[in-house]
Structures are given as structure tokens and as C-alpha cells.
Amino acid sequence: MAVRDEAAHIETTLQAVFDQDYEGPFEVVVADGRSTDGTLAILRRRAAADSRLKLIDNPELGVGAGLNRAIGAAGGQVLVRCDGHAEFAPDYVRLAVRLLEETGAANVGGRQDAVGATGLQRAIAIAMNSPAAAGTAKFRHSSVAGPADTVYLGVFDRRALEEVGGFDPALVRNQDFELNHRLRQSGNLVWFDPRLAVTYRPRSSLRALGRQYLDYGRWKRVMLARNPGALAARQLAPPALVIGLIASAIGAAIAVPLWWIPPAGYGMLIAVTTLWETIRRRDRAAWLLPAIMPTMHLAWGIGFLFVPTGGRQAVPVEGPS
């Protein structure tokens, strides 16, 4: 694990890790990125109570550098990635190790199941679990096992991971997608199995969600500039939306016919998704999707198209996008 300022979630995450029913020996290595919110005190207390927990420093702060440090400090041949917002089911490690053996994959992983507590957080979780809101990546919604371009978190064969050089510490986000791209380019298999579902606690405010997706977009651009072959068609949707809405605004200003089609089409998508998710989830929190979906889509697209990456301090983040 590479964490920073995760005091609100780290106890629950660690308990889920230590509650695994895996019968073999395991250790938990946590690289802390100079937390200031009490995370470090929690980790030190848990490490004093359980010798399986090894705490190391991550002076670079970034998640890629932290994960590489944790890998270097770990002794196992199977490396299980976990994040400070994630909660594993009790059979997660046991099933993942079996899948590594059965498939011969370099990395196996499953779904990110976003779960919220407050009404807004539940609505954000609904959006993150919806293909219309969060995209069609397998790890968000698929129920069919098979090869994938990326998975949530991941359980790695150490040999394959080290052969491709581990995580790229220069990437603040999208490290996992980029790593899985390199694994596949080197001839390795990345395997998705929906049974490897991981509970994820999403952001609890629109402001935090917007910052998260702004970063997703801009660091996706950096990752693609370094690895052009990693582009997936679904990743073009948010930038295309932003460009389409800008073009519509310009068209409206100069009275171009049919300027209203892109915003009307997007509004229809939001309306249909809101109605569908409200019926499917039976949760009135879905009525907040008209605020959440544009926050996610526009922040991602604006970040991809316009926001520079220079001068930003690296901080750990969760999962692929």
C-alpha cells in the first residue's frame, strides 16, 4: 500500500486485509507519504500490535514511488496492491492467488464497487458504477471474466512486475493503467474476474470529486504522451464532450443552425441515466446524478485538454481511470 492522509479509512482497510482467509504466510507493507492527519500514528499502533505489518517511509509522496518502495521491502512472490480507500472481501487474496496459477497471468484483478454512506456519496458511488457515467472499462461494471486492458488495483506475479520495471513514479495518476499496458506489451496477460470485487469509498463532496477527475484527465494526457499505444476509445469521450459543448456555445453566439444538438444530446443522456439508475438502484440519491455526471465528465475533459501538470505535488490516489 502507498497511502497519504487516510486516517478516515485506514483502520477499516487494514482490518479487511488482516481478515483474509488465505492460508499461506503474508505480510503487509505500507509506504506512508508523510501523512499529517493521524494516519501515521494509526499505522505505528497497528505495526506494534502485529508483526506482519511493516511501515516504511515514502519521501517522494507519490503513489508510484511508494508502491515501488513497498515492493522493494516486500519478500513475497505474489504482490497484492491495496489502497487506503479499499476494502477486500475475506476471500480476495485466496481467490486471486488461485487465478494467477490457473490463468498464468502477470496480473489479476476485478471490479471496483463504489459504496457511499451519505446521500451525496451514494450518488457518486452510483455514478462510478454506471457505464454511462464512468465509462465502459471492465473493472467498473463487467460480470464476465477474461483478458482486460486494466483491472482495479491488481494482484501481481513479482517476476513479471519486476521485468517491466514496476510502477512509473513520474505519473501522479494512471500508474496502474500504464503498468498494465507495459505488461501486455511485453506479452503478459492481464486477467479480469468479477469475483475479485473490492469495496471503494468515493469522495464525499462535488469539489473533491471535481479535483479527482481533473487530475484523472490531465495525468491521462501525460500517460498517453509517454505511451501513445495505450489509448482506449472510451478515453476520448470526455474531451470530445468538452469540445462539443464549446463548439455549441460558439455556434449559439454566432447563430449557427443546430448548435443545440450536443448539449441537448448530453442532457438526454443525463436524464435517461438518472431515471434508469433511480429505478435500478431504488435509491433517491440517484436524483443527484445531474450534478455529479457533469462534474466527472467536464473535469476529466478539461483536465485532459487544458490543465498543465507542472508544479503539482504528487499525492497517492486510487485506482485506474
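Computation of the quantities below employed the complete heavy-atom set of this structure, encompassing side-chain atoms and omitting hydrogens, waters and symmetry-equivalent molecules. We count residues from 1, following the sequence as given.
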Can you pull out every ring-ring contact (aromatic ring centres under 6.0 Å, His included) where at least one residue sits in residues 239-291? Sequence neighbours excluded, please.
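Residue pairs with at least one partner in residues 239-291: Y266-H297.
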Could you go step by step and tell me if D168 and R226 meet the salt bridge (Lys or Arg N to Asp or Glu O under 4.0 Å) rule?
CA-CA 11 Å; D168 185 344; R226 297 160 71 95; 2.7 Å; yes
Check for a donor-acceptor pair, side chain of [X] on one end and backbone N or O of [Y] on the other, with a separation under 3.5 Å.
X	Y	value
S35	D37	no
S130	I126	no
T39	E6	yes
Q175	L171	yes
D113	T199	no
R182	V164	yes
Q20	A16	yes
R158	Q77	no
Q121	A117	yes

With I10, the side chain to side chain contact (heavy atoms under 4.5 Å, CB included) member among L43, D5, L40:
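Exactly one option meets the side chain to side chain contact (heavy atoms under 4.5 Å, CB included) with I10, and it is L43.
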When V30 is tested against each of V17, V3, N58 for side chain to side chain contact (heavy atoms under 4.5 Å, CB included), which residue passes?
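So the option named by the test is V3.
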Say you draw a straight line from [atom1] of [X] to [atom2] of [Y]; how long is it, rounded to the nearest 0.5 Å?
X	Y	atom1	atom2	value
L67	R81	CG	CZ	5.0 Å
Q235	R221	CD	CZ	13.5 Å
R195	R111	CZ	CZ	11.5 Å
L55	R45	CG	CZ	12.5 Å

Is it the case that one hydrophobic cluster holds both I56 and L61, taking links as side-chain heavy atoms less than 4.5 Å apart, direct or via other members?
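Different hydrophobic clusters.
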Hydrophobic clustering (ILVMFWY, side-chain heavy atoms < 4.5 Å, transitive) - are V272 and L288 grouped together?
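No, no single cluster joins them.
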Yes or no on salt bridge (Lys or Arg N to Asp or Glu O under 4.0 Å) for R34 and D32, after CA distance, side-chain angles and deciding distance?
CA-CA 6 Å; R34 307 288 173 90; D32 179 76; over 6 Å; no
Is the Lys NZ or Arg CZ of R173 less than 6.0 Å from the centre of Y216's six-membered ring, within 45° of the axis?
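The answer is yes; both the distance and angle limits are met.
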How about [X] and [Y]: do any of their side-chain heavy atoms sit closer than 4.5 Å?
X	Y	value
F306	R218	no
L245	L298	yes
L196	L99	yes
V97	V108	no

Could you go through R140 and Q112, starting from their C-alpha distance and side-chain angles, then the distance that decides it, and tell me whether this counts as side chain to side chain donor-acceptor pair (under 3.5 Å)?
CA-CA 6 Å; R140 295 206 182 273; Q112 179 193 69; 2.8 Å; yes
Side chains of N188 and N107: is there a donor and an acceptor less than 3.5 Å apart?
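Absent: no donor and acceptor within the cut-off.
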Suppose we screen for ring pair (Phe, Tyr, Trp, His ring centres under 6.0 Å). Which residues come up paired with H9, at least two apart in sequence or across chains?
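Testing H9 for ring pair (Phe, Tyr, Trp, His ring centres under 6.0 Å), a comparison that skips the adjacent residues, returns H85.
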